[in-house]
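Some notes on the structure that comes next.
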Amino acid sequence: MPRDPYARRWNPAPLIIAILTPFVVASVAVIILVNRAAPVPESGELPSTEEGVTTSVFIPFAEWDEASGELRVAAIVTARVDPEGTCSLLASNGSDRLTVEAEAIPDASTMACGTMVVSDGLHPGLWSVTAAYRSGGFEAVSEAVDVEVGG
Amino acid sequence: MMRRVQRAMWLALVACLAVLGSGLVAAPAQAAPVAAASGASAASAAPAGRAVAPALSGSSFNPGYIISDTNFYDRYAMTEADIQTFLNTRIGGGCANANCLAVARTNTFDRAADAVCAPYRGAAAETTAAIIFKVQQACGISARVLLVTLQKEQGLLTNTAPSDAKVARAMGYACPDSAGGACDTLYAGLYNQIYWAGRQLVRYSNPPGTSNTYTWYPVGRPVAILYHPDSARCGASAVTIQNKATAALYYYTPYQPNAAALANLRTTGDGCSSYGNRNFWVYYNDYFGDPTTPAGSAYGVLSSVTGTQAGIAYSGWAVIPDAIDTTVHLAIEMGGIWTPLEADQPSTDAQAAFPDAGPNHGFSGVLPAAAGTRGFCLWASGLKAATVIGCRTVVVPPASPPVGQIESIVPAAGGFTISGWAVLPATPTAPAHLAVNIGPRWLSVEADQPGAAAADVAVPGAGTTHGFSAFIPASPGAQSFCLWASGVVGAVVLECRSVTVASAQAPQVVLSQVAPTVGGFTISGWAVQPGALTSQVHLAVNIGSRWLSVEADQPGATAAETAFPGAGTTHAFSATIPASPGTQSFCLWASGVDRAYQVECRSVTVAATPPPVAELNVQAIAGGFTVSGWAVLPSALTSPVHLAVNLGPQWISVEADQPGATGAEAAFPGAGTVHAYSATFMTPPGNQSFCLWASGIDRAYQLACRTVAVAAAAPPTGEMTVQPAPGGFTISGWAVLPSSLTTPVHMAVNIGPRWISVEADQPGATAAEAAFPGAGTTHGFSALIPASPGPQSFCLWASGVSGASVFACSSVTVPSA
């Protein structure tokens, strides 16, 4: 059986996601509209290879959720798909250092750390967060991102 | 009911629909302006210019809204035939190896259903089109998205001889550069790649039954999106992703194009450019049009096809998912003959597949076809183009010829009556169409009367409503005739017989009075048909080249009863025959049993009638003109006069029956004053010529012609404001027609292919009264326009005196719910 990466027991903290309501209704039976008056020249094969590809760990968002009292940090590992790997989050404020680990998910072209959550040990102030990834002998760390944790 | 037309007629029909569609919006180029990427959440009214879509430009790329959810998650985007045709078109000159997608064959295997996809039923040597179609259906991901991904990842659509390595990572799924482009073996190969990539693109939306895993590209709030895998060197910028489909693209390829990549859409950018999502957008635009506008394709199922003696029996259903209430126009093409039909019959299958669809999206019928192996294709017309729903080959069995019998022939004066039964075994419960051929004449007869027990015996199950009985008019003497019956592929002779017809008696007609009147003359008398005493006789007056019908069916004809006891007295006739002044000759004719008989010819002197007289006043107004005055008929002073204004190709009736025409009474004492008329005509600006006509006693008279200079009418004027709202946006404001201040203005919002009516008839529009004193305040409008999340452009049209015009165009970003 093929491996289903989505069945892993990784347990990210829940987020409230917006539910879109795609809604398209066209009620006029016979109106034919041409949206593009000028035909666009059709492509052959477009260039698609990026230059200087380097794997890096990146944080799409890092935020303090006042309602839940949690620090939420999402991270991805670019241009890399491993059979398995481990993500870790380090949040530091002065001498206070909090860490969380999560199993990375192999995706189409990345290793996804998902949204990692720190819920204990936080206190108000400016926290610096970094995400790291390791798999076998490979390791990488993201740039630091600052997050203001409220009271 | 179907009818058969040539392909040219079908294509003309499609063309007419296209013209009609553009005609409805008055200005095709303005009908659906391409939605420009805009971050504005609300916009004020702006005058609409002529919108001409430019060639694709990077400035139109919106990183937060690359493709609509409707287009992305469209499991009905393309049929398998459409996909194969598309692959063939992309390859063009032909394939050079067996990996080429247009000819590749792949063994697939079963995959069980899960929370994301329905089961996939594997098969040996499947075409690429079949794999893409089945993944589209199973997972609910558009075939267009899959095709574009094949091209943007490996260029497979245009590669005539792709290598094994390229096919192995066809969708770029789990084949990272860190592994030298090699794929995880579990996901390698064309089938695995299409299935897993398609499934994953849907999985990113966290569908019901899956964990809420994919949360780092949320919809509706800003997140950082990289320009390039090397984050330290190339950086990122904040993007507010506006829908699930765009988020899915970023999960799959987490980079947005930088300015250099967008400035050079079809070439390379710079060292920090990435191309995945840029190329997706460019390819989609090139192949299928703007990925953010509805595709409008028709989808259908040809669920049953059977060869029968009557032809090809078929059934199925069809819908346009982007316009679910629309009845789909279909056409069957067989041997170059196109037969149009409508998907407007009840279908539970259509409703099961599309719960929002109404109950009437089914179709069924029988296509007449000769015996043998017959192939046909069923086409469906979408909002923009027609697609093939399916093609079938079916064996049509030979049709049994019609059977029937003449059971009796009863001669009568002027003809004979035949009766019997007939059945078409190919359609045993339908009435058979018959025809009697006697000399050069053909007379239709339907075999649809009850009581034909012999029919059910001859063709068991046919029932007994296959009888016929008809009187066949014929000349006296021996007559031979044949009874024909229409079969599936032509008519056949059922039986030929002879009969001797007795002489028919002519109708007895008495023209008792002819009296001249103003503008004509009257006739009266009575008529009886000997041998059919209680029947009414049909008469006709022939005067010059005219024929006027008269029925001898009025009461009081005591002379008829006296002459023909038992006939009754309802045989009188009386009629007024319009005629020109002078001596007029006419002849009275009567229809007998076998033919028409000339009864009598007479002459009568008709007095001259004076023509109508009218007074005509003309006044130009903004956007038209008014006519007024009075009209009198000197020979019928108190009768109202029927007028007509002839304006270009139009004839507009006007009645001169209004009070206050003191001029009429002064000119014709005794006429009274109820002879006034008044009418207003709205026209384009410029010189308008018209003529006033009046109906006289005997004919119509042209009374006067005038030319009036019409000034242009001001278009509807007002204000509009736009606000985003959950599920769409609201528009409000006011509108006034300057040339008709108190008339409410009819308006319509045009957004994409939709038109939504709006009436400017609500109270409280004080700004309208302020701008146009006397207009009043009931000119407000307010409406919620449903729309998908993301940037939306629309135009508000208003109906003016000389047609509809754009009132305002605007763009607005609809928030996610």
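Naming convention: chains lettered A, B, ... in sequence-line order (proteins, then strands); numbering from 1 in each chain. The shown structure was predicted, so the numbers you read here are calculated from the model rather than taken from an experiment.
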Under a 4.5 Å heavy-atom cut-off, does chain A meet the side chain of [X], its backbone, both or neither?
X      : value
B:I756 : neither
B:S273 : backbone
B:Q193 : neither

[X] and [Y]: side-chain donor and acceptor closer than 3.5 Å?
X      : Y      : result
B:T215 : A:R72  : no
A:D107 : B:Y204 : yes
A:T78  : A:S56  : yes
A:T86  : A:E101 : no

**Request:** Give, as side chain, backbone, both or neither, the part of A:V73 having an atom under 4.5 angstrom from any heavy atom of chain B.
**Result:** neither

**Message:** Can you confirm whether A:R97 is buried at CZ, in the sense that more than 12 heavy atoms of other residues, nucleotides or ligands lie under 6.0 Å from that atom?
**Reply:** no

**Complete:** Looking only at B:Y255, B:Y217, B:Y251, the option with the highest number of non-hydrogen pairs under 4.5 Å against chain A is B:Y255

**Item:** Best-contacting candidate, B:D230, B:N192, B:V239, against chain A by heavy atom pairs under 4.5 angstrom
**Value:** B:D230

